Amino acid sequence: MNPFKFITFALLLPSIFIFGQSVEVNLSPDSESPIISKHIYGHFAEHLGRCIYGGFYVGEDSQIPNTSGVRNDVVEALKALEIPNLRWPGGCFADTYHWKDGIGPKEDRPSILNVWWGNVREDNSFGTHDFLNMCELLDTEPYLSANVGSGTVQEFADWIKYTTHPAGSSPMPELRAKNGRTEPWQVKYWGIGNEAWGCGGNMRPEYYADVYRRFATYASDWSNSGGMVRIASGASSSDYKWTEVLMQNIPKNLIEAIALHHYSVIDWGNKGPAKDFSEKQYFQIMKEALRMEELISKHVAIMDQYDPEKKVDLYVDEWGGWYDVEPGTNSAFLYQQNTMRDAMLASTTLNIFNNHADRVKFANIAQAINVLQAVILTDEEKLILTPTYHVFKMYTPHHDAQLIPVSFDSPTYEFEGQKLPAISISASSGKEGKTYLTIANIDARQTHTIEIKVAAIDVDKIDAKILTSANLQDHNSFEDPDNIVVQEFNNVSMSNGIVKLDVPPFSLVAIQAAK
Ligand code: AHR
């Protein structure tokens, strides 16, 4: 990192950025508020492009330092994020995946074509044991996405038995032991299909609801995982009918969660570049990202109608920014760079999830490494952390903390006559008595002054960090891996029960307040 960059930025700030009006923020701590599930901070790893091969897994014979073929640098970086869960093996790939192809001696495993992602050869060298052992290494909970589109109920039931049933209980655990693992793994989260309305079988919701009921019936929980969670393949963005038909037709004893996928994309036919984008394209992506608020509210309203007791959770198990691939890379590999725009997308989305903690209990950004809005990019032995990685790091204090409802009138970020709320905030209270706030200013031009009334909470020490940069398009690269990093933020004052700070354009500030 250029050590002078932040200082230069701070000195220039008054002259180059326009200040908006002060934003008054009220905190309303409430002992009845929901806990922000740490699983909102989950990740996704599909057999797509270089996410698994080259990203997570390089094989035991690689020169790149690894543990059973899994890159050590990746394990270190993801452990620092305390990733709570990891979804695998897809995505669209999951509905073509036959798990028995990926067990036993690697040299005997069949090769298949990865038909969704470039027809490349998939040699199945990374399979069930490799994934579940990797989750243990990462200290994260696995979320297995089962093949409903082209698989059978028997295959699904066998996968559950193979992974979670006790040794000696049936042929599947015996096969597991023969393949080197006597003790079952803990697998609580099971996705029953993926995008069943599209790559997962092009089904109608009425038909999928019936298929789901059949698969869910045979998802027998004899495991040691403390209760299985069966996740129905959910709607795409604003397909509210999908959620309604599923909620209407799936009995509550067969479902624990329903999914939702929403990607922030300008136009599927013309997605625009990941790094050399215009302010117009930034505005369009932020508009799509902020739509998450409306999507969650409307899907939840439908769920409330059929499940007022909130027994079924909402899992946003795919979300993120989707742009054109980097020039010169395989268009089926979905490899894109990650800029301050992605940091704003991630922070506003995570604030929305936090603020809906009563129903949103789980989410997975797409995808962890080298694919779409990745937290990590690799190039052979090199690895960089993206601005999105740093956002996730700044949000770790919210994991399993109690939500503090916030209220404020956001100033607007205006572009070519259109308006978006400039400020996004979520707050929580941790077990150790600290209060956490994450404040994003998506405005591309204006600094906004924030005044937080903290009289209701016991605070006399403030620690603040900032993720910021001079240009929206700024990013980390293999040549300059620390161009964007989290920095200390001293521009915060406190007096008369009010914490005051100036949040620069397209910046995220994370505050920890303590007694
Ligand atoms: O994340 C990439 C793809 O997007 C997934 O495979 C699919 O579920 C979604 O359409």
Side-chain angles (χ1 to χ4, degrees), residues 42-53 55-56 85-97 112-120 122 126 131 143-151 189-203 205 208 212 231-239 242 257-269 271 274 285 288-289 292 295 315-326 329-338 342 345-346 349 362-377 386 388:
H43 292 263
F44 174 29
E46 179 165 8
H47 286 241
L48 192 180
R50 293 185 301 112
C51 184
I52 296 294
Y53 300 110
F56 280 96
N85 66 67
L86 189 58
R87 179 172 182 247
W88 178 84
C92 294
F93 179 78
D95 282 290
T96 62
Y97 184 63
I112 59 164
L113 282 187
N114 190 333
V115 289
W116 286 110
W117 307 116
N119 266 324
V120 293
E122 161 64 61
F126 189 86
F131 176 70
Y143 166 6
L144 294 183
S145 197
N147 181 348
V148 169
S150 70
Y189 301 98
W190 290 88
I192 300 187
N194 168 74
E195 298 195 348
W197 40 264
C199 64
N202 281 308
M203 302 179 213
Y208 172 69
Y212 174 92
I231 304 136
S233 163
S236 169
S237 301
S238 59
D239 184 356
W242 185 272
I258 187 166
L260 168 67
H261 288 183
H262 176 60
Y263 285 99
S264 297
V265 63
I266 295 172
D267 170 355
W268 287 105
K271 297 190 277 299
I285 284 291
E288 272 304 303
M292 187 66 90
L295 296 175
Y315 283 20
V316 189
D317 60 8
E318 284 185 34
W319 66 273
W322 194 321
Y323 317 115
D324 289 337
V325 297
E326 289 307 311
T329 65
N330 187 328
S331 63
F333 283 11
L334 310 185
Y335 175 75
Q336 63 189 40
Q337 249 294 357
N338 195 292
D342 296 282
L345 195 167
T349 304
F362 202 104
N364 303 83
I365 188 169
Q367 301 191 5
I369 310 181
N370 295 331
V371 170
L372 299 177
Q373 193 175 345
V375 289
I376 292 174
L377 300 177
T386 66
T388 301

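When a ligand or atom number is given, it counts from 1 through the structure's own listing order. Note that the structure is predicted; figures quoted are calculated from it, not measured. Numbering of residues begins at 1 and proceeds along the displayed sequence.
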- Query: When you look for heavy atoms under 4.0 Å from ligand 1, do you find them on the side chain of N194, its backbone, both, or neither?
  - Reply: side chain

- Message: Within the 4.0 Å heavy-atom shell around L372, which atoms of ligand 1 are there?
- Response: 1 (O), 2 (C)

- Message: Side chain or backbone, does H261 bring an N or O within less than 3.5 Å of an N or O on ligand 1?
- Response: no

- C92: numbered ligand 1 atoms lying under 4.0 Å from its heavy atoms: 5 (C), 6 (O), 7 (C), 8 (O)

- Query: Is the H47 ring parallel, tilted or perpendicular to the F93 ring (thresholds 30°, 60°)?
  - Reply: parallel

- Decide whether a cation-pi geometry holds between R87 and Y189; the criteria are a distance under 6.0 Å from NZ or CZ to the six-membered ring centre and an angle within 45° of the ring axis. no

- Message: Quick check on the 6.0 Å ring-centre criterion: do F362 and Y143 meet it?
- Response: yes

- Note on the structure: Filtering Y263, F93, W319, W116 for the heavy atom nearest atom 1 (O) of ligand 1 leaves Y263

- Query: atom 9 (C) of ligand 1: which protein heavy atom is closest, and how many Å away?
  - Reply: E318 OE1, 3.0 Å

- Query: For N194 and S145, does a side-chain donor sit closer than 3.5 Å to a side-chain acceptor?
  - Reply: no

- Message: Using a 4.0 Å cut-off to any heavy atom of F44, which atoms of ligand 1 qualify?
- Response: 1 (O)

- Which atoms of ligand 1 sit under 4.0 Å from any heavy atom of Q367? 1 (O), 2 (C)

- Message: Could you check whether any side-chain heavy atom of D342 comes within less than 4.5 Å of a side-chain heavy atom of T386, counting everything from C-beta outward?
- Response: no

- Item | Any N/O pair E195/ligand 1 closer than 3.5 Å | yes

- Item | Per-residue contact class, W117 against ligand 1 - non-hydrogen pairs under 4.0 Å | side chain

- Does the gap between the ring centers of W88 and Y97 come in under 6.0 Å? yes

- Give a yes-or-no answer on whether the side chains of S237 and H262 include a donor-acceptor pair shorter than 3.5 Å. yes

